[in-house]
Participant: 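Quick one: this structure, given as structure tokens, is what I'll be asking you about.
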Amino acid sequence: LYDSPEFISKYTYTGNDLGVTYTKKATTLRVWAPTATAVNVVTYKESNSPYSSGKLTPMKYDVKGTWVATLKGDQDGTVFNYRVQVNGFNNEAVDPYVRATTVNGLRGVIVDLSTTNPKGWGMAKPRFSGKPTDAIIYELHVRDLSMDASSGYPAAQKGKYVAFTNTKTSHNGEKTGVAAIKDLGVTHVELLPIFDFATVDENNPTFNWGYDPQNYNVPEGSYSADPTNPKLRITELKSAILSLHKQGLRINMDAVYNHVSNASSFSQNLIVPNYFFRRDDNGNLTSGSGCGNDVASERPMVRKFIVDSVKYWASEYNLDGFRFDLMGILDVTTMQNVREELDKIDPSIIVIGEGWNMGGLPEDQRATQVNISKLDGIAAFNDQIRDGIKGSVFNADEKGWATGNTGRRGDVVAGITGNVAYSASVTANWITNDPGQSVSYVEAHDNLTLADKLFSSVNTNATTRSKLHRFASSIAFLAQGLPFIHAGQEFERTKGGDDNSYQSSDAVNSMKYKQRVTYATTLNYFKGLISLRKAHPAFRMATTSDVKKNLTFLNTSQTVIAYKLNGAGVGDKWGTIVVIHNAGKATASVTMPGGKATWKVVVNGDKAGVATLATLKSITKVSVPAGTTMVVYK
């Protein structure tokens, strides 16, 4: 029925007023419920008023399956839900478009959003070109920033949005928290889920990644100083975003539109049963996501909901980017629509996603790596370079090219080009339209941290592991594409070997800022790589043609990858740059392009940046120590 042309034609609503339309004189509510026989707005005096005390206001059937009611007077702060008569049952549900809720998201709240804006909310965003390759993304969980004793945050701010407004934190004279992130030099901070998720009791918060959506357009309350105050969490999140913007940092949001926490109790399912989720031929929920349900993004009103939600976060919360969890579950058209609508709001907004091939849609309709050619302006995580560098994330002991498995060399080479259509000799598992569609990374919140992977897969001492950590990170970071690092990667973050810390303790997950001191060499190396990338467009080419014209691989052994960047061809003040990665166990001698010349070294095994570390006069060959990266220019 739902997928029939008749249903789609009769019940696809295209207006922009689903949910609450508030004014001081009256509030209008509109809900899409085409299969309902009656719908009422139920209002409560208090957030915890009994079900039986609710006051019912009948909604009138309007157009395209929608029902409408108007509540007169100023309804700012009114607690409400919908009661929907459908299939012979009376279901009470939160408004799917709700923007504020009571504690733990059980009831909606009408709010005057203009009263939630912090002072200075209208300020301009930090400057950014809009080119994905100019971004450097730093992935962070809200709690991780401030929970550890070494963070320097006061108890009242630990694990809360408000921690992001404290930009002067330090511990024993070392920068921590937001100050440490700014010091690093990244451009975008990507926050793990900050929408209302179901897995944490907001009154008694514990750690969870938050990939369990409950109310998509409401900030998560466990990060609020008072989750019982519906407006406070909105203001606090906006204040956090404003504070980071003032620090020159753009903010991305981890968006989880592929599944929900509980399909049966999800608001959309209570209002229009069986519409929001995919089912197999036997009527069972599909679970390509591995989470018990898959959102049916290909259905018009599901697609509309996803696009409307993204638009809302981008406009109301002034966000600068989105990371789509399990994007391959969603359909290509939905993701194209998301990109089109964001371009109308702010074309510099970045969109990245997990383009893994999964889910029940026909393969040509999935928003995957393989279909990236249909997804202009959207990037996908590049697991080819990730696993090529360090080995499979699904096998703790497996080595990658950087740690001794020369068979993965081709995967690293493809990733260095940004997986563009480079040449017949470079085999990309999937081919991008441009390097900005390749998220180049070696560590994320999922799986083992790089430090833990190296501990598991390489039998060596701590000093050598640190050198390998810098080496592996530098390969992904200097590659063409959109660089992405996991919070704490810059100081060799460890989770003690926990490869799935989604509900582990804060002791496992929090940022241990003392490691900034312990691993100062690695920290400064990351700062140097960031300053190098920012200063030199040769590392940030935006088109396939630029990469093909200006990146040339040198002829080396299986344990060495070396390439020349024609800086002059992309307006770089360094005419020629050579990057050499030596994964061998001995020093490698590499023949330099262009004959005898003088080269300046800016990256070696322990240091990186734009300052000259050494000058190599009148040479034809350069020696690169084992397990290190060297960058030189002339």
Side-chain angles (χ1 to χ4, degrees), residues 133 385 388-389 401-402 406 409-428 435 440 471 474-481 528-529 532-533 535-584 586-605 607-634:
T133 51
I385 191 171
I389 290 170
W401 180 79
T406 55
R409 185 179 187 275
D411 292 324
V412 179
V413 168
I416 285 170
T417 71
N419 274 49
V420 301
Y422 182 79
S423 74
S425 62
V426 175
T427 308
S440 185
F471 178 55
S474 71
I475 298 169
F477 203 86
L478 295 173
Q480 300 299 317
L529 290 176
L532 175 64
R533 191 176 177 99
H536 291 282
F539 297 101
R540 300 182 274 112
M541 292 186 240
T543 67
T544 297
S545 62
D546 274 351
V547 173
K548 292 176 76 170
K549 281 183 210 165
N550 300 299
L551 190 156
T552 308
F553 288 96
L554 308 183
N555 190 20
T556 60
S557 69
Q558 283 294 100
T559 57
V560 175
I561 296 173
Y563 55 94
K564 179 184 78 170
L565 299 172
N566 175 24
V570 290
D572 199 308
K573 61 188 176 187
W574 290 350
T576 304
I577 303 166
V578 174
V579 180
I580 306 166
H581 303 301
N582 177 16
T587 296
S589 179
V590 177
T591 301
M592 299 299 283
K596 188 178 283 189
T598 296
W599 298 84
K600 292 184 176 179
V601 180
V602 290
V603 176
N604 60 26
K607 292 183 178 179
V610 294
T612 301
L613 303 174
T615 301
L616 309 176
K617 293 185 177 177
S618 299
I619 60 158
T620 57
K621 293 185 176 183
V622 65
S623 295
V624 182
T628 68
T629 291
M630 181 176 283
V631 178
V632 298
Y633 77 92
K634 66 175 184 179

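Residue numbers run from 1 in the order of the sequence given.
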Participant: Walk me through whether Thr628 and Asn604 qualify under side chain to side chain contact (heavy atoms under 4.5 Å, CB included).
Facilitator: CA-CA 7 Å; Thr628 68; Asn604 60 26; over 6 Å; no
Participant: Is there a side chain to side chain contact (heavy atoms under 4.5 Å, CB included) between Leu565 and Met541? Walk through the geometry before answering.
Facilitator: CA-CA 10 Å; Leu565 299 172; Met541 292 186 240; 3.8 Å; yes
Participant: Rounded to the nearest 0.5 Å, how far apart are CH2 of Trp599 and CD1 of Ile577?
Facilitator: 9.5 Å
Participant: Specify whether Phe471 and Trp401 have parallel, tilted or perpendicular ring planes, treating 30° as the upper limit for parallel and 60° as the lower limit for perpendicular.
Facilitator: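 Tilted: the ring planes of Phe471 and Trp401 meet at 30° to 60°.
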Participant: Do Asp546 side-chain atoms and Ala542 backbone N/O form a donor-acceptor pair below 3.5 Å?
Facilitator: no
Participant: For Ala476 versus Ser440, what's the shortest heavy-atom pair and its separation?
Facilitator: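 Result for this residue pair: O-OG, 2.7 Å.
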Participant: Taking Arg533's backbone N and O only, do any of them form a donor-acceptor pair with Arg540's side chain (distance below 3.5 Å, no angle check)?
Facilitator: yes
Participant: If I compare all heavy atoms of Gln480 with all of Pro435, which pair ends up nearest, and what's the gap?
Facilitator: CB-CB, 4.2 Å
Participant: Would you say the side-chain atoms of Tyr422 pair up with the backbone N or O of Leu551, donor to acceptor, closer than 3.5 Å?
Facilitator: yes
Participant: At their closest point, which heavy atom of Ala586 faces which heavy atom of Ala626, and how far apart are they?
Facilitator: N-CB, 3.6 Å
Participant: Could you check whether any side-chain N or O of Thr612 sits under 3.5 Å from a backbone N or O of Ala614, counting only pairs where one atom can act as donor and the other as acceptor?
Facilitator: no
Participant: Atom NZ of Lys564 and atom OG1 of Thr552: how far apart are they, to the nearest 0.5 Å?
Facilitator: 5.0 Å
Participant: From Leu554 CG over to Ile561 CD1, what is the distance, rounded to the nearest 0.5 angstrom?
Facilitator: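 It comes to 11.5 Å.
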Participant: Shortest non-hydrogen contact from Arg409 to Gln558?
Facilitator: CD-O, 3.1 Å
Participant: Report yes or no: does Asp572 contribute a side-chain atom to a donor-acceptor pair with the main-chain N or O of Thr576 at less than 3.5 Å?
Facilitator: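 It does not hold such a pair.
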Participant: Could you check Asn566 against Lys549 for side chain to side chain contact (heavy atoms under 4.5 Å, CB included), going step by step and ending with a plain yes or no?
Facilitator: CA-CA 8 Å; Asn566 175 24; Lys549 281 183 210 165; over 6 Å; no
Participant: Specify the closest pair of heavy atoms between Ala402 and Ile475, including all atoms of both residues, with the distance to one decimal.
Facilitator: CB-CD1, 4.1 Å
Participant: How far apart are the closest heavy atoms of Thr598 and Lys634, and which atoms are they?
Facilitator: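 Heavy atoms only, the tightest pair is O-CB, 3.5 Å.
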Participant: Working note: His581 + Val412, criterion side chain to side chain contact (heavy atoms under 4.5 Å, CB included); need CA distance, chi angles, decisive distance, verdict.
Facilitator: CA-CA 11 Å; His581 303 301; Val412 179; 5.8 Å; no
